[in-house]
There are 2 protein chains.
Amino acid sequence: MDRDQGERDDEAPGRPTLKTLAFMTGLGVTTVSRALKDAPEIGAETRRRVQLVAKQIGYRPNRAGVRLRTGKTNVISLVLNTEREIMSFVSDIIYGVSEVIADTPYHLIVTPYSRSQDPLDPIRYLVETGSADGVIISRTQPNDPRARYMLERGIPFATHGRTDMGLVHPYHDFDNYAFAAEAVRHLAGMGRRRLALVTPPVGLTYHGHTVNGFTDALSEVGASEVPFNTVSIDHSIEQIRMRTAQVMRRQDRPDGFVSSAAAATLAVVAGIEDAGLKLGRDVDVVSKQSSELLHLFRRELLVVNENFRLAGSELARSVLGWIGGAEPGSLQSLSLPGEVVAYHRPD
Amino acid sequence: MDRDQGERDDEAPGRPTLKTLAFMTGLGVTTVSRALKDAPEIGAETRRRVQLVAKQIGYRPNRAGVRLRTGKTNVISLVLNTEREIMSFVSDIIYGVSEVIADTPYHLIVTPYSRSQDPLDPIRYLVETGSADGVIISRTQPNDPRARYMLERGIPFATHGRTDMGLVHPYHDFDNYAFAAEAVRHLAGMGRRRLALVTPPVGLTYHGHTVNGFTDALSEVGASEVPFNTVSIDHSIEQIRMRTAQVMRRQDRPDGFVSSAAAATLAVVAGIEDAGLKLGRDVDVVSKQSSELLHLFRRELLVVNENFRLAGSELARSVLGWIGGAEPGSLQSLSLPGEVVAYHRPD
DNA sequence: GTGACAAGCTGTAACGTTTCAGTATATTGG
DNA sequence: CCAATATACTGAAACGTTACAGCTTGTCAC
């Protein structure tokens with residue numbers, strides 16, 4: 001009827017809003033809002049018209065407006081430990097997540113926490129302030145307080161690594177049991193019989209998986225374990241190196257290593273060489289890596305690749321799926337390790 | 001959505017708002033709002049009282065409310081190339097930024113763009129949608145359209161690396177001229193006289209700096225350059241490796257390399273060894289690195305450290321400073337390279 | 001006693017969005 | 001012709017915050 005609000009409408013040079021669209025189309029803001037989301041009670045022609053104009057003038061909904069009204073933030077938070085995260089993990093997982101949310105309205109915020117803090121702190125902050133619609137966490141524990149907390153509050157999340165609490169939630173994990181077992185079998189196949197394991201950080205779920213795969217395969221192939229559990233991949237390069245050198249100077253030294261991370265592997269190799277031994281002759285090492293660098297380091301190294309970018313994508317897909325109403329139980333994935341790969345000289 | 005409980009006037013079990021505080025203190029929301037920001041027209045006692053209650057019940061301003069009303073997002077965006085960024089750069093710079101914004105209301109969002117896109121795209125998006133109060137960009141060019149664009153729109157930003165457009169803006173940079181020059185001097189001091197440079201990506205500002213430092217020092221010490229400009233650190237490991245092997249098989253091969261990135265250095269060393277030559281005997285390599293790994297790789301490597309975490313902190317400080325009203329010209333910093341460091345065996 | 005003024009507080013409006021509760025018109029059935 | 005119903009649209013209110021323009025008091029000069 002009286003759409004003639006008249007000339008008093010601001011010739012806003014700023015960003016177009018629903019009001020702008022309403023003015024341009026001669027409709028009410030409500031109609032415009034509904035037309036843009038394909039509501040059925042808007043006429044087909046009107047709908048097309050509004051959407052056309054919106055596209056033409058490059059309308060983008062104001063995030064603050066939506067967020068204030070609906071509580072939806074359109075934000076996914078990636079929670080990271082500032083000291084202990086594997087370097088390539090950070091980079092790759094961010095890109096993996098980015099890939100997936102690229103054509104969605106979602107933004108990715110990085111929420112860091114430091115060694116000194118309770119890992120629950122950043123989660124509490126996110127939940128209490130309602131800063132994200134979904135959360136991705138790493139360094140998952142069998143009984144993870146963060147997962148429990150978010151499950152209680154009903155906030156969608158996905159974990160990198162599994163929990164073991166009898167609770168169901170989305171996750172993505174690399175099959176570290178299979179990795180460790182395969183590594184042992186490979187070493188055994190090369191005649192190695194006394195194996196040491198450079199474990200993941202104690203307390204994380206995949207520590208257990210890795211250890212189990214390792215020991216199960218050991219007994220399967222009839223090899224034995226050389227205890228090496230005073231360090232993990234969380235320890236410093238220097239600590240791992242020293243400990244390796246130490247164990248390699250004993251006469252009951254290992255003739256094979258399985259290492260859960262590339263950086264630790266560098267330290268192990270350095271330690272081996274500190275003890276005057278030679279990789280490939282006195283000892284073999286199978287290592288996980290997330291970028292193709294270990295073969296450049298020492299061509300004798302045996303590697304298994306873990307794709308963190310894929311992990312990021314899967315985790316993002318899971319969280320978005322949960323936000324979108326899918327069953328958490330259907331948003332779990334496990335990535336199987338490839339073969340142990342040895343170096344082939346390009347020629 | 002479902003309506004919550006009917007009796008929701010001020011007994012709201014949800015997050016406290018200004019209204020909650022107003023009710024609890026018996027004041028108006030305006031007064032509460034002003035009291036929380038230490039406005040002078042609020043009585044000292046009232047101010048203290050309000051702040052006490054706010055702290056007690058854990059009041060946190062609603063970001064969407066603030067953002068809608070004021071346009072302030074309290075967001076810093078870090079814009080990254082998903083394909084070409086150095087891996088440790090991503091991880092370290094994020095942590096550096098995080099450190100600085102940890103006790104501010106700011107959140108960090110990561111805005112990625114891919115190879116195929118115009119680098120200006122993500123910037124345009126951020127500016128047009130008003131998604132951030134400040135932006136950090138890397139891979140800076142002498143004449144950088146992104147910096148120009150943001151300068152025109154008056155949006156605070158900082159660049160990792162300098163521009164050369166006669167325009168003033170905050171930046172943080174590593175002195176790559178000094179690095180390259182020092183590397184050349186060091187190699188010359190070891191008797192190396194035919195040097196090759198593994199350059200930064202052509203087109204980026206620090207490519208020029210590095211090349212200049214390299215050539216200036218060459219003539220200073222009277223050494224000569226072996227052209228190696230068909231690859232840069234942006235090229236794949238395989239490409240750099242092949243090209244290195246190629247050049248090392250010629251009889252006028254270099255006896256020294258200066259490398260601008262650790263990953264490229266791995267490739268160079270592999271190429272050297274492909275050609276049947278030995279690092280430290282036939283050729284020496286000085287490389288930049290951002291994490292302490294190269295010495296583990298080959299102890300003969302000579303390294304100069306670049307601290308990306310520091311860069312992240314500086315960049316964050318700069319952007320926040322500009323947002324806070326400081327002079328852009330006062331927010332520039334240059335990080336000087338340390339000495340070239342050779343490996344010392346721990347014993 | 002009056003007017004001026006400051007101190008301290010308050011209500012209203014607005015930011016852009018979605019939801020609720022309509023309204024106006026056309027269509028149908030009887 | 002009337003009522004019932006469906007279709008297509010609309011204004012007002014609300015989310016939480018801040019800015020603006022007020023409103024009370026009390027004090028002080030004269």
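The basis for the numbers below is simple: all heavy atoms, side chains too, and nothing from hydrogens, waters or symmetry mates. Proteins get letters first, then strands, A, B, ... in listed order; numbering begins at 1 in each. Predicted model only: the values in this text are computed from it and were never measured.
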**Q** Could you tell me whether B:G130 contacts a base, only the sugar-phosphate backbone, or nothing, with contacts defined as non-hydrogen atoms closer than 4.0 Å?
**A** nothing
**Q** Look at all strands and tell whether B:I42 reaches a base, only sugar-phosphate, or nothing, counting heavy atoms closer than 4.0 Å.
**A** sugar-phosphate
**Q** Hey, is the side chain of B:T31 poking within less than 4.0 Å of OP1 or OP2 on C:dT10, counting only N and O atoms?
**A** yes
**Q** Taking the side chain as every heavy atom from C-beta outward, state whether A:R139 and A:I137 have any atom pair closer than 4.5 Å.
**A** no
**Q** Using heavy-atom distances to pick each residue's nearest nucleotide on DNA chain D, tell me which of A:P40 and A:T30 is more 5'.
**A** A:P40
**Q** How many Å lie between NZ on A:K19 and P on C:dA13, as a whole number?
**A** 14 Å
**Q** With under 30° as parallel and over 60° as perpendicular, where do the rings of A:H160 and A:H172 fit, or are they tilted in between?
**A** parallel
**Q** How many whole angstroms separate atom CZ of B:R15 from atom C1' of D:dT17?
**A** 12 Å
**Q** Find out whether A:R67 and A:N74 are in side-chain contact, i.e. whether some heavy atom of one side chain is under 4.5 Å from a heavy atom of the other.
**A** no
**Q** For C:dC9, take OP1 and OP2 only and decide whether either is under 4.0 Å from a side-chain N or O of B:T46.
**A** yes
**Q** State which of D:dT17, C:dT17, C:dC20 makes the closest approach to the side chain of A:N62.
**A** C:dT17
**Q** Within the structure shown, what part of the strands sits under 4.0 Å from A:R67 by heavy-atom distance: base, sugar-phosphate, or nothing?
**A** nothing
**Q** Between B:L27 and B:T70, which is nearer to the 5' end of DNA chain C once each is assigned its nearest nucleotide?
**A** B:L27
**Q** Roughly how many Å is it from CD in A:E41 to C1' in D:dT5, rounded to a whole number?
**A** 16 Å
**Q** Nearest whole angstrom, please: distance from the P of C:dG8 to the CZ of B:R49.
**A** 14 Å
**Q** Relative to the 5' end of DNA chain D, which residue comes earlier, B:R34 or B:A64, by the nucleotide with the nearest heavy atom?
**A** B:A64
**Q** I need the CZ-C1' distance between B:F23 and C:dT10, as an integer number of Å.
**A** 17 Å
**Q** Using whole Å, what does the distance between atom P of nucleotide D:dT17 and atom CG of B:N74 come to?
**A** 13 Å
**Q** Scan B:V319, B:L320, B:D92, B:I136 and name whichever one has a side chain to side chain contact (heavy atoms under 4.5 Å, CB included) with B:V97.
**A** B:I136
**Q** Pick base, sugar-phosphate or nothing for A:G28, based on heavy-atom distances below 4.0 Å to the nucleic acid.
**A** sugar-phosphate
**Q** Using a 4.0 Å heavy-atom cut-off across all strands, classify A:T17 as base, sugar-phosphate, or nothing.
**A** sugar-phosphate
**Q** Do the side-chain N or O atoms of B:Y59 get closer than 4.0 angstrom to the phosphate oxygens (OP1, OP2) of D:dG16?
**A** no
**Q** Under 4.0 Å from OP1 or OP2 of C:dT18: is there any side-chain N or O of A:K37 that close?
**A** yes
**Q** Rounded to whole Å, please give me the gap between CG in A:L36 and C1' in C:dT18.
**A** 12 Å
**Q** Within a strict 4.5 Å, meaning less than it, do heavy atoms of the B:E327 and B:V168 side chains meet?
**A** no
**Q** Step through the shown structure and confirm whether more than 12 heavy atoms of other residues, nucleotides or ligands are within 6.0 Å of CD on A:E152.
**A** yes
**Q** Separation of A:L68 atom CG from D:dT17 atom P, in whole Å?
**A** 9 Å
